[in-house]
2 protein chains.
Amino acid sequence: MTENPSRRERVRQQTIKEIKERSFELLDAGGVTDVSIASVGKAMGMSPPALYRYFPSREALLEALVVDAYADLGSTTAAAARTEPPLDAPARIARIAQAWRRWALTHPRRYAMLFSDRSATAQDTPEGVAGVNQGMLQLLAALQEIAEPTPHTTTPLDESLVRWGQAIGAPPGMSPLALRLGVLCWSRLHGLVSLEISGAFAAMGLDAAQLAATEMQTVIDTARHACPTH
Amino acid sequence: MTENPSRRERVRQQTIKEIKERSFELLDAGGVTDVSIASVGKAMGMSPPALYRYFPSREALLEALVVDAYADLGSTTAAAARTEPPLDAPARIARIAQAWRRWALTHPRRYAMLFSDRSATAQDTPEGVAGVNQGMLQLLAALQEIAEPTPHTTTPLDESLVRWGQAIGAPPGMSPLALRLGVLCWSRLHGLVSLEISGAFAAMGLDAAQLAATEMQTVIDTARHACPTH
DNA sequence: CACTAAAGTTAATGGTCGTAACGAAAACTA
DNA sequence: TAGTTTTCGTTACGACCATTAACTTTAGTG
């Protein structure tokens with residue numbers, strides 16, 4: 001009864017950590033297909049079957065990478081909103097979006113793993129969703145600050161948005177407009193970033209950074225009920 | 001000297017066609033990873049190495065599928081704009097967007113293959129880009145009709161948009177606003193559709209169709225210099 | 001120290017892509 | 001028509017991969 005996490009457990013956790021580190025290195029270098037039980041084992045000087053003591057299958061290892069990547073992306077974007085001194089809401093929205101895009105450009109293979117490679121194959125685990133929602137909650141808070149109250153009658157879409165907000169732990173009383181803009185901001189940003197990573201904008205000779213900047217400004221203007229700048 | 005395409009060439013093209021058909025069946029059923037030289041061979045009653053007479057590698061076969069899928073997506077969306085009698089520009093934009101989304105939902109694995117699986121790996125071939133640009137040209141034509149002339153000074157982004165428009169064969173004199181909205185419309189639609197395919201909106205309890213409809217209405221309103229409806 | 005359980009090893013199965021060597025059939029040619 | 005060449009298919013093979021089974025080594029525990 002030395003420690004609650006026994007020494008054995010500690011070295012085991014250390015091994016798991018190293019497996020994931022080496023896996024991320026291989027992932028970043030050559031994409032998810034390069035993360036094989038054999039390649040990871042070789043990278044750590046272990047025989048491949050030894051990894052099965054830690055992950056029941058290659059798929060489980062990849063899922064662990066997904067959860068970690070989601071958590072990293074979520075905490076990175078959430079941290080971008082918490083500056084000292086605090087920024088006003090529009091600046092925070094811009095920073096959150098920048099952080100999302102920058103993370104995706106810094107780790108394009110990880111971003112592809114999260115949002116592309118596994119599309120329609122395996123659905124996200126609750127852990128993964130919770131990780132990325134850290135950033136979403138910050139975004140929603142900023143949007144709520146500048147979203148003008150809407151006297152509109154609530155549509156079915158609004159109702160489902162409110163339910164979603166409650167489900168992810170947003171504070172009560174969120175405006176449906178803020179919730180909708182949160183979803184649309186995320187969706188637009190994802191579209192831009194995934195096309196940018198694929199090289200589409202570069203092939204078109206367009207500056208993706210400028211496209212992203214104007215797109216985010218549009219979201220902010222819409223929250224304020226102002227006309228987007230053309 | 002029976003025909004210009006000799007009999008041998010004809011049966012060869014037929015075989016290539018069947019290889020791609022079987023490949024698409026496997027792709028639609030289980031994703032791109034299920035399209036293997038072995039599985040396609042088995043599906044056609046051929047030994048796997050025989051396929052190398054027609055495609056130099058599995059990668060080349062996949063690339064051929066990509067080109068065909070791009071062409072199908074492009075012609076499907078372009079066809080949606082050419083109705084009889086012709087529709088007005090806003091309705092055409094809505095129909096193009098619907099056609100894009102519907103194609104993606106009908107062939108989610110193909111859509112993932114085009115825009116996700118190969119991200120950052122291999123860049124698009126000119127053939128593929130040309131195929132999907134059929135729909136883009138229709139979209140740009142419709143946007144041009146309703147885009148009010150902008151007396152703005154041209155920005156660097158505008159200049160690169162104009163260059164891109166010329167490169168893909170858009171008629172001269174396109175408004176930068178129409179070009180920019182074409183790109184943003186595409187990007188937003190892609191973000192929505194890829195998230196919808198991945199099941200993200202379903203997991204959030206949101207109606208993706210409604211999100212897409214409002215998003216496209218926003219594009220149309222922006223083209224008219226009108227405030228998006230909230 | 002002796003025992004047990006965890007962690008590592010090698011060996012083996014069955015799957016993949018791709019190459020090599022070979023046989024059969026079709027088309028061309030003298 | 002008969003012979004030659006090209007094409008198309010085959011089987012056999014080597015190099016990877018994931019995964020399981022059986023065995024050995026190591027480390028913690030009474």
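Chain letters run A, B, ... following the sequence lines, proteins first, then strands; residues in each count from 1.
Checked against a 6.0 Å centroid threshold, the rings of A/His190 and A/Trp186 do not count as neighbours.
Separating the CD atom of B/Glu18 from the C1' atom of D/dC8 is a distance of 15 Å, rounded to the nearest angstrom. Rounded to whole Å, the distance from CD on A/Glu59 to C1' on D/dT19 is 14 Å. Atom pair B/Arg10:CZ and D/dT7:C1' shows a separation of 16 Å (rounding to whole Å applied). We find that CD1 of A/Ile37 is positioned 10 Å from C1' of D/dC17, with the value rounded to whole Å. The distance from atom NZ of B/Lys42 to atom P of D/dT10 is 14 Å, rounded to the nearest whole Å. The distance between atom OH of A/Tyr54 and atom C1' of D/dT19, rounded to the nearest whole Å, is 18 Å.
Here the shortest heavy-atom pairing between B/Gly128 and B/Val67 reads N-CG2, 4.5 Å. A pairwise comparison of heavy atoms in B/Ser23 and B/Val40 identifies OG-CG2, 3.5 Å as the closest pair.
Mapping B/Arg53 and B/Ser57 onto DNA chain C by nearest heavy atom places B/Ser57 closer to the 5' end of the strand.
A/Ser39 comes within 4.0 angstrom of no nucleic acid atom, judged by non-hydrogen atoms across all strands. No engagement by A/Phe55 is indicated, since no non-hydrogen atom pair under 4.0 Å with the nucleic acid exists. Nucleic acid contact for B/Thr15: none, since no nucleic acid atom lies under 4.0 Å from a heavy atom of the residue.
A 4.0 Å heavy-atom criterion places the boundary nucleotides of DNA chain C facing chain B at C/dT16 to C/dA27, written 5' to 3'.
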Please report the C-alpha distance between B/Cys185 and B/Leu139 in whole Å, then the side-chain angles of each, then the deciding distance to 0.1 Å, and finally whether the side-chain contact (heavy atoms from CB on, under 4.5 Å) criterion is met.
CA-CA 9 Å; B/Cys185 179; B/Leu139 176 63; 4.1 Å; yes

Would B/Arg58 and B/Leu62 satisfy side-chain contact (heavy atoms from CB on, under 4.5 Å), going step by step from the backbone distance to the final call?
CA-CA 6 Å; B/Arg58 174 177 180 268; B/Leu62 293 183; 3.7 Å; yes

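If you take CD on B/Glu25 and NZ on B/Lys20, they are separated by 14.0 Å, rounding to the nearest 0.5 Å.
Side-chain atoms of B/Ser39 come within 3.5 Å of backbone atoms of B/Asp34 as a donor-acceptor pair (strictly under, hydrogens ignored). B/Arg110 contributes no side-chain N or O that, together with a main-chain N or O of B/Ala69, makes up a donor-acceptor pair within less than 3.5 Å.
Considering only side-chain N and O atoms, B/Arg12 lies under 4.0 angstrom from the phosphate OP1 or OP2 of D/dC8.
Donor-acceptor pairing under 3.5 Å is lacking for the side chains of A/Glu18 and A/Gln14. At a cut-off of 3.5 Å, with distance as the only test, no side-chain donor of B/Gln134 or B/Gln138 sits close to an acceptor on the other residue.
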Between the protein and nucleotides 11-16 of chain D, which nitrogen or oxygen pairs come in under 3.5 angstrom?
none

Any N/O pairs under 3.5 Å between the protein and nucleotides 27-30 of chain D? List them or say none.
residue : atom : partner : partner atom : Å
D/dG28  : OP1  : A/Arg7  : NE           : 2.5

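Sparse packing is recorded around CD of B/Glu127, with 12 or fewer heavy atoms of other residues, nucleotides or ligands lying under 6.0 Å away.
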